[in-house]
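Data first, discussion second: the structure below is written as structure tokens.
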Amino acid sequence: MIRIILVGYMGAGKTTVGRQLAKALNVSFYDLDWYVEERYHKRIPQIFAEMGEEGFRELEQRMLHEVAEFENVVVSCGGGTPCFFDNMDYMNQQAETVYLKARPDVLAKHLKMGRTVRPLIQGKSHDELEDYIKEMLLTREPYYKKAKHIVDVSLMDNYEKIAITVDLLRKELGV
Ligand code: S3P
């Protein structure tokens, strides 16, 4: 049975890599943010606006407990998921967890290129974003580092490199 959960900061490529890894392993892929949006029929920014971050974190935990029961899946969770409640310990109990680690400048670049609306970083300039990421990683990395595996994805900046990252992950996980 395969159950892999990818954690890491926003912009690390959890969704992109997760989708490709699932495809390579011929298992289903779930993105926790998308799962929350589908179950509640609301986009993430709307949930933040209506319920605040605290409300979002509760829904997120509830949905994590659903997807982390599925078998033969790759799941990418949100950047904050491991850092609330006992979520990281729970994920470690349930799955092979992988921290996709990337440098703050790489994360900032990916986030500037991406089209996803992320309430926590809206309206920040590139420099503000990089500083914000650095500061946030100080509190978040201790949670991410509890993952069973760590894979550096700082060099992943085009599609060819996504395939290389997927191969790296498969080697690391032995799948
Ligand atoms: C968040 C990351 C987002 C999403 C929400 C909050 C965070 O997911 O869950 O906007 O706290 O880092 P991605 O990491 O998939 O962008």
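Order of appearance sets the numbers: ligands from 1, and atoms from 1 within every ligand.
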Are Val151 and Leu21 joined in one hydrophobic group, where the rule is that I, L, V, M, F, W and Y side chains link up if heavy atoms are under 4.5 Å apart? yes

Asp31 and Ser76: which non-hydrogen atoms are nearest, and at how many Å?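 Smallest interatomic distance, heavy atoms only, reads OD2-OG, 3.1 Å.
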
Looking only at protein heavy atoms, which one is nearest to atom 13 (P) of ligand 1, and what is the separation? Asp33 OD2, 3.6 Å

Please say whether Tyr9 places an N or O atom under 3.5 Å from an N or O atom belonging to ligand 1.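 For ligand 1, there is no N or O atom that lies under 3.5 Å from one belonging to Tyr9.
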
Can any side-chain N or O of Arg140 pair as donor or acceptor with the backbone N or O of Gly79 at less than 3.5 Å?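 A pair under 3.5 Å: yes.
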
I'd like to know if the side chain of Asn87 reaches the main chain of Phe84, judged simply by a donor and an acceptor atom lying under 3.5 Å from each other, with no hydrogens or angles considered.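 Such a contact is found between Asn87 side chain and Phe84 backbone.
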
Ignoring hydrogens, just give me the one of Gly13, Gly80, Pro82 whose non-hydrogen atom is nearest atom 7 (C) of ligand 1. Gly80

Just jot down the ligand 1 atoms closer than 4.0 angstrom to any heavy atom of [X], in number order.
{"X": "Pro119", "result": "10 (O)"}
{"X": "Phe56", "result": "9 (O)"}
{"X": "Gly78", "result": "8 (O), 9 (O), 14 (O)"}
{"X": "Arg140", "result": "7 (C), 11 (O), 12 (O)"}
{"X": "Arg118", "result": "16 (O)"}

Between Glu50 and Lys42, is a salt bridge (Lys or Arg N to Asp or Glu O under 4.0 Å) present by the stated rule, with each step listed? CA-CA 10 Å; Glu50 288 176 7; Lys42 281 180 186 167; 2.8 Å; yes

Where's the contact between Arg57 and ligand 1, heavy-atom distance under 4.0 Å: side chain, backbone, both or neither? side chain

Would you kindly specify which portion of Thr81 sits under 4.0 Å from ligand 1, judged on non-hydrogen atoms: side chain, backbone, both or neither? neither

Measure up the Phe70 and Tyr30 rings against each other and bin them: parallel (under 30°), tilted (30 to 60°), perpendicular (over 60°).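 Ring orientation of Phe70 relative to Tyr30: tilted.
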
Determine whether the aromatic ring centres of residues His149 and Tyr99 are separated by less than 6.0 angstrom.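 No; His149 has its ring centre 6.0 Å or more from that of Tyr99.
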
Yes or no: does Thr116 have any heavy atom under 4.0 Å from an atom of ligand 1? no

Atom NZ in Lys148, atom CE in Met91: separation rounded to 0.5 Å?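 Going from the NZ atom of Lys148 to the CE atom of Met91 covers 11.5 Å.
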
